[in-house]
There are 2 protein chains.
Amino acid sequence: MTPKTSGKYTIKQLAEECGVTARTLRHYEDQGLISPERRGQHRIYHQQDKIRLSWILRGKHVGFSLSEIGEMLDLYNLPDGRVQQRATTLDRCRTRVNDLKSQRDDINTTINELEGFCDLLGSLKRSSDGTHWINQNTQKPLKAYSPR
Amino acid sequence: MTPKTSGKYTIKQLAEECGVTARTLRHYEDQGLISPERRGQHRIYHQQDKIRLSWILRGKHVGFSLSEIGEMLDLYNLPDGRVQQRATTLDRCRTRVNDLKSQRDDINTTINELEGFCDLLGSLKRSSDGTHWINQNTQKPLKAYSPR
DNA sequence: TACATAATTAACGTTAACGTAAACGTCAAG
DNA sequence: CTTGACGTTTACGTTAACGTTAATTATGTA
C-alpha cells in the first residue's frame, strides 16, 4: 500500500529499472511516446510513465516500430467522444490483432521446427545434406508479409 | 506431380511469387543467406532456394535480423559430424526457442489488451482519461528484454 | 537483326533507433 | 569551493535492410 519510492523516478532510476538507457527515454519522449513531468529542467517519471514505458517495450518486443506504438497509444487517447473516428479506430485495432495472430502462427511453426531440430540433434545421427531438415509443411501458399 | 515451372525461377519470378524485390534477393545473397545456381552471369533459383527464402521471410516476420537468420540456417549446415559443436548448437537452439516463447507471451497479452479495448469501443461509452485502460496486470516485475 | 525486357554489378541514398560526444547547469559531500 | 555524480540540450555518428539510380550486358521475339 505504501509506495517505496513514492512512485517517482529520476530518468536514470527508471532507465535502470526498466533495462534501457536514459538516452532511450529521451528518445521516446522526442517521439512523443512519453511526457514526464518537468520540475524545472529535470524530468520526473511517475507510475503512469512507467506503465506506458512497459507498453512501449512490450510493443517493441513483439516487433512494432516506435511510430506504430505511438499510434496504438494514441488510439486510446482520442479527444473523447470522437465517435466519428471510432469505426476506423476499431478497424485499425482489429488489423493489428490479425497481424499479431499471423505473427504468432509463424512463431509457433518456428518453435516447432527448432524443437524438432533439437530432437534430431539429440538423436545423434545426422546426414550431411543440410537442407533435408527443412520442414516441408512449410510450403503453404507462402503468403507475402506486409512490410514493417 | 509435374512441376509447372520445372522448379526453376528467374530472380524476378521468385521475387514476385514471394512478395519481395529482386534487390532483396540479391541482398540476401550478399549476406550469404541463399546461393542460387549461376547460369553464366544469371541466377537460377530452385525449390530449395524458395524453401530457404520462405524460412528467411518467416524469420523476419517473427523479428529476427538477417544475421540471426543466417546463424540459424548455419546451425543446420554444420560440416557434418562436428559432434563437438553439437552441444553449443543445441544450446543456441533452445535459447532461440525460449526467446520465441517469451515473445509469444507478449504477443498474447498484447492481443488480449487490444481485443479488450475493441470490446470497450464496441460498448459505446468511454471516459476521457486516456490511461485507465492500460491493463494493470501488465505490471509484473517488468523483465528487461535483451536487445535485438 | 533491331528493339523492348530483364539481368548484372557498383555505389550512393534513406530511415529507424538509438549511441556517443560536446558543452554546460546543479547540488550534496568533503 | 572544488570535485563528482547526474541532468540537460544539441548534434553528429552508426548499423541494418534494403531503395534507387547508373552504366552495361544478355535474352527473347517480331
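FYI, side chains are in, hydrogens and waters are out, and symmetry mates aren't considered; it's all heavy atoms of this structure. First the proteins, then the strands, lettered A, B, ... as listed; each starts at 1.
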Side chain of B/H27 - closest among D/dG19, D/dA17, C/dT9: D/dA17

Whole-Å distance separating the OH atom of B/Y45 from the C1' atom of C/dA6: 13 Å

Check whether any side-chain nitrogen or oxygen of B/T24 sits under 4.0 Å from OP1 or OP2 of D/dG19, and answer yes or no. yes

Mind calculating the distance between CG (A/L25) and P (C/dA17) to the nearest angstrom? 15 Å

Identify which nucleotide among D/dG7, C/dA6, D/dC18 has an atom closest to any side-chain atom of B/L66, counting heavy atoms from C-beta outward. D/dC18

Nearest-Å distance for atom pair CD1/P, residues B/I44 and D/dA26: 15 Å

Using 0.5 Å steps for rounding, measure from the CZ atom of A/R58 to the CZ atom of A/F64. 10.0 Å

Side-chain N or O of A/T21 closer than 4.0 Å to phosphate OP1/OP2 of C/dC18: no

D/dA17 P sits how many Å from B/R26 CZ, rounded? 19 Å

Salt-bridge present (A/E29, A/R38; N to O < 4.0 Å): yes

Before accepting this row, confirm whether a basic side-chain N of the pair B/K8/B/E37 lies closer than 4.0 Å to the acidic partner's carboxylate O. no

Of the options D/dT8, D/dG19, C/dC18, whose atoms approach the side-chain atoms of B/R23 most closely? D/dG19

In whole Å, I'd like the distance from the CG atom of A/L33 to the C1' atom of C/dC18. 13 Å

Less than 4.0 angstrom from a charged side-chain N to a carboxylate O is my criterion; do B/K50 and B/E17 meet it? yes

Would you say C/dA17 has OP1 or OP2 under 4.0 Å from some side-chain N or O of A/K60? no

By nearest-nucleotide position on DNA chain D, the 5'-leaning member of B/H42 and B/S67 is B/S67

Is there a donor on the side chain of A/R43 or the base of D/dT8 sitting less than 3.5 Å from an acceptor on the other? no

Please report, rounded to the nearest Å, how far the C1' atom of D/dT9 is from the CG atom of A/D30. 10 Å

Using a strict threshold of under 4.0 Å (side-chain N to carboxylate O), is an ion pair present between A/R94 and A/D91? no

DNA chain C: A/Q31 or B/I11, which has the more 5' nearest nucleotide? B/I11

Side-chain contact check for B/S65: nearest option of D/dA17, D/dA26, D/dC6 is D/dA17

Could you check whether B/D49 and B/Y9, counting side-chain N and O atoms only, form a donor-acceptor pair closer than 3.5 Å? no

A/R38 side-chain N/O to D/dT9 phosphate OP1/OP2 under 4.0 Å: yes

Whole Å only: how far is the CD1 atom of B/I56 from the C1' atom of D/dA17? 13 Å

Is the distance from OP1 or OP2 of D/dC18 to the nearest side-chain N or O of B/Y28 less than 4.0 Å? yes

Interatomic distance where CD belongs to A/E29 and C1' belongs to D/dT8 [whole Å]: 11 Å

Closest approach to the side chain of A/Q41, judged atom by atom: which nucleotide of D/dT8, C/dT8, D/dG7 is it? D/dT8

